[in-house]
Amino acid sequence: MRVKLLIFVGLLMCVGTANAATDAFDFSNFAITESGNADLTSADVTLNPGAEPITVNNFDIAGIMLGMPFDDVQTLFFKAKGLYAPRAKDSIVYSIQKEWKYNLDYECRQQGIVVPAELEQCVNTLARDRGLLYAAELHLERENTGETIVVYFTSNADDNVVWRVLYNNDVNEIEGDHEKFSDQREKKILTFWQGVLDKYGAPNSGTDKWISTNNAYDPMMTAYYGSLDLVDMGRYTSDIAKNIQAARENFRAKPYAF
């Protein structure tokens with residue numbers, strides 16, 4: 001598997017030493033999570049009567065499209081000056097697929113490493129050196145409007161590309177119960193929805209979904225009050241399956257002989 005080192009701007013990763021437990025790299029400089037679960041469901045979707053499929057793969061949110069490599073998205077928002085900027089802390093969240101993390105935990109324990117902090121360091125170092133540590137999320141914000149975007153990426157097994165873009169704004173928030181606040185909220189929602197329709201056209205599934213096919217695992221976008229969710233569940237589940245299979249095949253069990 002081709003190793004891809006995913007690096008914060010200004011952060012230089014050194015080459016790992018042979019002994020993973022004594023690697024001097026400070027992993028506390030950025031967030032690492034265990035990935036492998038998504039907060040999505042693959043509910044049935046159908047085309048509206050008379051509607052046609054839409055090439056949702058061509059949709060973008062702030063210039064981010066499904067299938068874009070992490071490096072391209074990082075360049076777009078870290079090097080170019082645009083409307084959005086990386087959030088101040090942990091703008092990039094790195095992950096290890098949990099099946100691989102279990103494998104590496106076993107390997108480190110076979111070396112006699114059991115202290116939790118040392119075990120975590122060992123797992124993270126092995127994952128980095130083998131290309132199993134990858135940029136899983138990129139968090140962006142637009143400070144003057146309160147808008148946020150979270151971009152989700154597949155693992156290196158599927159080339160570390162975008163599989164989900166989640167956009168949020170404050171149109172559904174209200175300061176109080178007075179009639180004027182309710183009126184302001186409704187106007188904000190109408191403005192948001194009009195902008196959505198102008199950019200993407202009318203939904204072709206229900207009143208809030210743009211779908212490629214009737215298969216919920218194909219690319220689709222869903223609009224909510226103040227939110228857009230552009231997702232490719234098929235790519236996500238394929239990535240998970242690849243990692244599960246590879247982790248099973250590469251589990252370094254003891255050399256039993258019988």
Trainee: Decide whether Gln194 and Asp198 meet the rule of one side-chain donor and one side-chain acceptor closer than 3.5 Å.
Mentor: yes

Trainee: Counting distance only, does the side-chain N/O of Asp229 pair as donor-acceptor with the main-chain N or O of Thr222 below 3.5 Å?
Mentor: no

Trainee: Let me confirm one number: the CD-CG distance from Gln111 to Leu126, rounded to the nearest 0.5 Å.
Mentor: 6.5 Å

Trainee: Evaluate the criterion side chain to side chain contact (heavy atoms under 4.5 Å, CB included) for residue pair Asn250 and Trp100; output intermediate values, then yes/no.
Mentor: CA-CA 9 Å; Asn250 289 277; Trp100 284 113; 3.8 Å; yes

Trainee: Apply side chain to side chain contact (heavy atoms under 4.5 Å, CB included) to the pair Leu230 and Leu66, showing each step before the final yes or no.
Mentor: CA-CA 8 Å; Leu230 178 61; Leu66 296 172; 3.9 Å; yes

Trainee: Please check this pair: side chain of Asn204 against backbone of Ile211, looking for a donor-acceptor N/O pair closer than 3.5 Å.
Mentor: yes

Trainee: Is Val161 reachable from Tyr134 through a run of hydrophobic residues whose side-chain heavy atoms are each under 4.5 Å from the next?
Mentor: no

Trainee: Working to the nearest 0.5 angstrom, can you tell me the gap between Phe251 CZ and Glu107 CD?
Mentor: 8.5 Å

Trainee: I want to check something: taking the side chain as every heavy atom from C-beta on, are Arg164 and Tyr236 in contact at a cut-off of under 4.5 Å?
Mentor: no

Trainee: Let me see the working for Glu52 and Leu47 under side chain to side chain contact (heavy atoms under 4.5 Å, CB included), right down to the final yes or no.
Mentor: CA-CA 7 Å; Glu52 298 291 335; Leu47 288 168; over 6 Å; no

Trainee: Treating Asp183 as the side-chain partner and Glu179 as the backbone partner, does any N or O pair qualify as donor plus acceptor under 3.5 Å?
Mentor: no

Trainee: Given 3.5 Å as the limit, does a donor-acceptor pair link the side chain of Asn48 with the main chain of Ala51, or not?
Mentor: no

